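Below you'll find the structure, written out as structure tokens, and then a few comments.
Quantities reported herein were computed from a predicted structural model and do not represent experimental measurements.
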Amino acid sequence: MGNQKSIVVLGAGMVGAVMAEDLARESSFRVTVADRDGEVLSRLAARASVKTVIADLADQAKVRELIGPADLVIGAVPGYLGFQTLKLVIESGKNFADIAFMPEDYLQLDGLAVKKKVTAVVDCGVAPGMSNLILGKHAAEFDSFEEALILVGGLPRVRTWPYEYKAPFSPIDVLEEYTRPARYVRDGNIVNMPALTEPELVDLPGVGTLEAFNTDGLRSLIDTIRCPNMKEKTLRFPGHIEIMRILRETGFFSKTPIDVKGHNVAPLDLTTRLLFPKWKLQPGEEEFTVMRVQVTGTHKGDRIRHTYDLLDRNDPRTGFSSMSRTTGFPNAIMARLILNGSFESHGVFPPERFGGQPKIFQAIVDGLQERGVVFSHQEEKLALLPT
């Protein structure tokens, strides 16, 4: 069909596959998926009308060749490949919708995207992603923004010793959460804390008691949202983070090689070989994603708190995990909005940039609801603070 739009999905992991399948349902899209794992691609091709290409996505020349015919590129590579992939896609003049949890500051590439007339939306998953969109919405509505708290986690339904955890997305990115220093905003100042610090117990509807701890999840929000108190915390079953702290402080997450009987071994390489098989979700294993976003501010003289709660479970009908649904669907919906011309601006945009645009916000919320990912919303009026 001559009027089909060409979409290239880079990465066919749990989230990449969900986005590819979701987009391939529309006859107006021609979807190509690239990954180095031929087995994963074969499983995807058996489920969805997609073209598959076996490729090492660290090979920039190969990626440049792959995206040549694309009208839009979807990024679903591991975080460590995220920045170089974003830069390459922008240099190639292609619009981009991305969920890579890259450690670098992607806003450094904003000027390049403007120059290349590219619209690139990044961090468009669940958190970062939907959390950013919600904060952006209320930052635009509040007369003054007082406080924002984001709590999020993906967990197996059944707790299993010893870790009481399974990785619902790239395990190497999970370890990044446990080692990357956490930044949050307190009294208008950026505070740096080690990851896994300030644990607290939190009760959430439908789940019970979980443990929340500091992670570096605010990312672009620190620069884009004017709010004196902002914090993001990751949720786990109580007890998990103490095990991770012990491993980290012992050096198991270090990338610096050590001598082991005459061989140089990076402790992280050994740790991942041992941990990841135990963290792998088994076929049919139930898991869930839980998130709370709470924002407080004043609007037209009233002090208001908005609370958004999400509890999403894996879909046995499609076999999609909850984390792949809640991360992949927002990005797939955003990709559609880019393709249909909803954005006139060029640059690199985190989702909060569009939160203040009601049509964009509602399109994403409605699109998620159609796919069974539903946020509940409560609004309460609070007592005014003493002046």
Side-chain angles (χ1 to χ4, degrees), residues 1-13 15-17 19-20 22-24 26 28-37 41 44 50-125 128-129 170 219-220 328 330-351 353-354:
M1 293 172 61
N3 59 350
Q4 280 185 313
K5 296 283 181 71
S6 173
I7 300 173
V8 175
V9 181
L10 301 175
V15 181
M19 292 189 288
D22 184 77
L23 291 162
E26 293 192 30
S28 57
F29 298 148
R30 186 172 65 257
V31 179
T32 301
V33 189
D35 198 282
R36 67 181 180 184
D37 189 332
L41 290 172
L44 176 58
V50 298
K51 177 186 175 183
T52 59
V53 178
I54 297 176
D56 179 359
L57 299 179
D59 181 343
Q60 297 196 43
K62 182 63 178 176
V63 172
R64 190 175 289 108
E65 176 192 332
L66 278 168
I67 66 176
D71 295 295
L72 179 130
V73 180
I74 300 276
V77 298
Y80 68 87
L81 288 177
F83 189 82
Q84 75 173 44
T85 304
L86 172 63
K87 187 170 185 287
L88 189 153
V89 172
I90 292 172
E91 287 173 342
S92 300
K94 304 297 179 179
N95 290 334
F96 197 38
D98 181 61
I99 53 94
F101 190 67
M102 64 189 79
E104 298 89 349
D105 178 10
Y106 46 70
L107 293 176
Q108 294 175 19
L109 299 174
D110 181 62
L112 178 64
V114 172
K115 180 181 175 182
K116 292 287 186 176
K117 297 184 177 178
V118 163
T119 300
V121 182
V122 292
D123 272 358
C124 194
S170 172
R219 295 164 68 76
S220 60
N331 201 53
I333 297 165
M334 184 63 76
R336 288 174 170 86
L337 292 171
I338 296 172
L339 281 169
N340 71 19
S342 294
F343 305 117
E344 296 178 359
S345 301
H346 299 126
V348 176
F349 303 101
R353 293 288 196 198
F354 308 118

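- Side-chain rings of Phe343 and Phe349 stay apart, their centers remaining 6.0 Å or farther from each other.
- Nearest heavy atom pair, residue Ala24 against residue Val50, reads CB-CG1, 3.7 Å.
- Atom CZ of Arg353 has 12 or fewer heavy atoms from other residues, nucleotides or ligands within 6.0 Å.
- With Leu10 as the fixed residue, the side-chain contact (heavy atoms from CB on, under 4.5 Å) test singles out one of Ile74, Val63, Thr32, Leu88: Val63.
- With rounding to the nearest 0.5 Å, the separation of CG in Leu72 from CG in Leu339 is 4.5 Å.
- Smallest separation of non-hydrogen atoms from Pro350 and Leu107: CD-CD2, 4.0 Å.
- A pairwise comparison of heavy atoms in Gly82 and Ala100 identifies CA-CB, 3.9 Å as the closest pair.
- Side chains of Pro128 and Phe101 form a contact here, defined as non-hydrogen atoms less than 4.5 Å apart.
- Put simply, the side chain of Arg219 gets close to the backbone of Met102: a donor and an acceptor are under 3.5 Å apart.
- Not a single donor-acceptor pair under 3.5 Å links the side chain of Ser345 to the backbone N or O of Thr119.
- A donor-acceptor pair is defined here as one N or O able to donate and one able to accept, closer than 3.5 Å; no such pair exists between the side chain of Lys62 and the backbone of Leu57.
- Taking CG of Leu109 as the start and CD1 of Ile90 as the end, the distance is 5.0 Å to the nearest 0.5 Å.
- Of the listed residues (Thr52, Leu23, Val8, Asp22), just one forms a side-chain contact (heavy atoms from CB on, under 4.5 Å) with Val31, and that residue is Leu23.
- For the side-chain contact (heavy atoms from CB on, under 4.5 Å) criterion with Asn331, the lone passing option out of Val121, Val122, Ile99 is Ile99.
- Atoms NZ and CD, from Lys87 and Gln108 in turn, are 10.5 Å apart once rounded to the nearest 0.5 Å.
- Under 3.5 Å, the side chains of Tyr106 and Asp123 contain a donor-acceptor pair of N or O atoms.
- Closest approach of Gln84 and Leu81 over heavy atoms only: CG-O, 3.5 Å.
- Residues Arg36 and Asp59 are not paired through a salt bridge, judged by the lack of any N-O separation under 4.0 Å between the basic side chain and the carboxylate.
- The shortest non-hydrogen separation linking Glu91 to Arg64 is OE1-NH2, 4.4 Å.
- Atom NZ of residue Lys5 and atom CG of residue Asn340 lie 8.0 Å apart, to the nearest 0.5 angstrom.
- Between Thr85 and Asp98 there is no side-chain heavy-atom pair separated by less than 4.5 Å.
- Taking each heavy atom of Val33 and Gly11 in turn, the nearest pair found is CG1-O, 4.2 Å.
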Step-by-step side chain to side chain contact (heavy atoms under 4.5 Å, CB included) determination, Leu337 to Phe354:
CA-CA 11 Å; Leu337 292 171; Phe354 308 118; over 6 Å; no
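- A 4.5 Å side-chain heavy-atom check between Leu86 and Phe96 finds at least one atom pair inside the cut-off.
- Between atom NZ of residue Lys51 and atom CZ of residue Arg30 there is a gap of 9.0 Å, rounded to the nearest 0.5 Å.
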